[in-house]
Amino acid sequence: MGYTELKIEGRNPVIEAYRSGKTIDKLFVLDGCQDGPVKTITREARKQHTIISYVSKERLDQLSETHHHQGVIAIAAAYDYASVDDILAKAREKGEAPLIFLLDGIEDPHNLGAIVRSAYLCGAHGVVIPKRGGVGVTGTVMKASAGAAARLPIARVSNLAQAIRTIKEHNIFVYCADLGGAPLAKTDLSGPVALVLGSEGGGPGALTRKLCDAAVTLEMAPGQATGVDSYNVSVAAGILCYDVMRRRLAKK
């Protein structure tokens with residue numbers, strides 16, 4: 001496991017962090033705010049013996065990284081990263097074909113958070129990110145994921161290529177989401193699958209592409225000559241997530 005300090009902001013992300021069992025060391029709450037969600041948060045905080053500090057809006061604004069704290073900021077000692085083995089074990093425990101996302105160089109925390117949120121909602125078993133060349137789990141990521149990053153295993157690995165090799169050893173087919181691949185509509189992603197998405201600008205790296213078993217491309221309407229030739233990476237992830245879930249549900 002690896003660890004980084006983590007600041008969790010916003011009502012839903014903080015509630016989800018508590019409900020997922022995450023240890024919160026300190027909670028900052030807007031003084032005088034006593035609505036339903038805040039009461040839920042402070043009730044959970046007291047159950048876990050979290051130190052609660054009621055502070056001014058100015059103090060919360062100073063602490064905030066996202067600038068959308070909604071009157072609550074939780075300070076966790078660390079984000080507990082999973083391992084690739086943890087993700088594979090989660091799929092086995094659920095008796096499901098693995099669905100894993102590997103992200104090669106995602107630098108925008110909002111994109112990472114959105115990808116984690118879609119992956120969690122569509123039944124993925126985990127997300128793998130690199131230690132270098134991409135953003136880690138931060139308060140902004142937690143906020144953008146609406147708390148899903150506290151529930152979905154996220155592995156941060158020193159070598160993404162080795163992670164792909166490990167996944168392939170478990171008979172999991174690895175697809176690269178890239179231009180020039182087979183159309184998604186003609187690709188069955190319902191089996192054990194790992195999906196690789198690349199950076200916002202350049203897509204997956206050359207070695208990552210080479211290690212993948214095949215590529216899949218998201219179709220676009222013809223004649224859209226606007227200079228836009230690809231989907232935003234978090235949108236692409238959402239489309240892929242939903243397609244996998246749809247196909248798997250259809251087989252039940």
Would you kindly confirm whether [X] and [Y] end up in one hydrophobic cluster when ILVMFWY residues are joined by side chain heavy atoms under 4.5 Å apart?
| X | Y | result |
| --- | --- | --- |
| V244 | V116 | yes |
| L63 | I75 | yes |
| V193 | L103 | yes |
| I106 | Y81 | yes |
| I115 | I129 | yes |

Hey, does [Y] have a side-chain heavy atom less than 4.5 Å from the side chain of [X]?
| X | Y | value |
| --- | --- | --- |
| L195 | L189 | yes |
| I51 | L27 | no |
| V84 | I167 | yes |
| V128 | I100 | yes |
| L88 | H170 | yes |
| S64 | I73 | yes |
| L184 | E219 | yes |
| I41 | V29 | no |

Atom pair [atom1]/[atom2] of [X] and [Y] - distance to nearest 0.5 Å:
| X | Y | atom1 | atom2 | value |
| --- | --- | --- | --- | --- |
| E16 | R151 | CD | CZ | 4.0 Å |
| L6 | D25 | CG | CG | 11.0 Å |
| N12 | Q70 | CG | CD | 8.0 Å |
| D86 | K90 | CG | NZ | 10.5 Å |
| L99 | I172 | CG | CD1 | 9.5 Å |
| R209 | D104 | CZ | CG | 8.5 Å |

Step-by-step side chain to side chain contact (heavy atoms under 4.5 Å, CB included) determination, F28 to H69
CA-CA 10 Å; F28 294 93; H69 51 72; over 6 Å; no
Does K26 form a side chain to side chain contact (heavy atoms under 4.5 Å, CB included) with S53? I'd like the steps, not just the answer.
CA-CA 8 Å; K26 194 165 186 177; S53 295; 3.2 Å; yes
As a quick check of understanding, evaluate side chain to side chain contact (heavy atoms under 4.5 Å, CB included) for R11 and V72, giving each step before the final call.
CA-CA 6 Å; R11 297 176 180 189; V72 288; 3.9 Å; yes
Answer yes or no: are there more than 12 heavy-atom neighbours, outside Y54 itself, under 6.0 Å from its atom OH?
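Counting other residues, nucleotides and ligands, OH of Y54 exceeds 12 neighbours.
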Are there more than 12 heavy atoms of other residues, nucleotides or ligands under 6.0 Å from atom CG of N171?
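Atom CG in N171 is not crowded, with 12 or fewer foreign heavy atoms closer than 6.0 Å.
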From CA spacing to verdict: side chain to side chain contact (heavy atoms under 4.5 Å, CB included), I8, K22
CA-CA 11 Å; I8 305 170; K22 187 161 191 63; 4.2 Å; yes
Determine the minimum heavy-atom distance between [X] and [Y], stating which atoms define it.
| X | Y | result |
| --- | --- | --- |
| L152 | A124 | CD1-O, 3.3 Å |
| A17 | A150 | CA-CB, 4.0 Å |
| I87 | P153 | CG1-CB, 3.9 Å |
| G136 | V141 | O-CG2, 3.5 Å |
| G191 | A97 | C-CB, 4.0 Å |
| I15 | P37 | CD1-O, 4.1 Å |

Tell me which one of R246, K251, R248 satisfies side-chain hydrogen bond (donor to acceptor under 3.5 Å, both in side chains) with S190.
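Exactly one option meets the side-chain hydrogen bond (donor to acceptor under 3.5 Å, both in side chains) with S190, and it is K251.
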Lys/Arg-Asp/Glu bridge criterion (N-O < 4.0 Å) met for [X], [Y]:
| X | Y | answer |
| --- | --- | --- |
| R19 | E44 | no |
| K57 | D61 | yes |
| D243 | R247 | yes |

Indicate whether any N or O donor in one side chain lies under 3.5 Å from an N or O acceptor in the other, for [X] and [Y].
| X | Y | value |
| --- | --- | --- |
| D85 | S83 | no |
| T140 | E65 | no |
| T50 | Y18 | yes |

So the ring pair (Phe, Tyr, Trp, His ring centres under 6.0 Å) pairs with at least one residue in residues 87-141 (sequence neighbours excluded) are none
Passing option when L102 is tested against L160, V127, L197 for side chain to side chain contact (heavy atoms under 4.5 Å, CB included):
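Option passing the side chain to side chain contact (heavy atoms under 4.5 Å, CB included) with L102: L160.
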May I have the list of side-chain donor-acceptor pairs in residues 210-218 shorter than 3.5 Å, sequence neighbours left out?
residue : atom : partner : partner atom : Å
D213    : OD1  : K168    : NZ           : 3.4
D213    : OD2  : V174    : N            : 2.8
T217    : OG1  : D178    : O            : 2.5
T217    : OG1  : G180    : N            : 3.3
T217    : OG1  : G181    : N            : 2.7
T217    : OG1  : G181    : O            : 3.4

Can you name the residues that form a ring pair (Phe, Tyr, Trp, His ring centres under 6.0 Å) with F173, not counting sequence neighbours?
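Only Y175 meet the ring pair (Phe, Tyr, Trp, His ring centres under 6.0 Å) criterion with F173.
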Given 3.5 Å as the limit, does a donor-acceptor pair link the side chain of T40 with the main chain of G36, or not?
yes
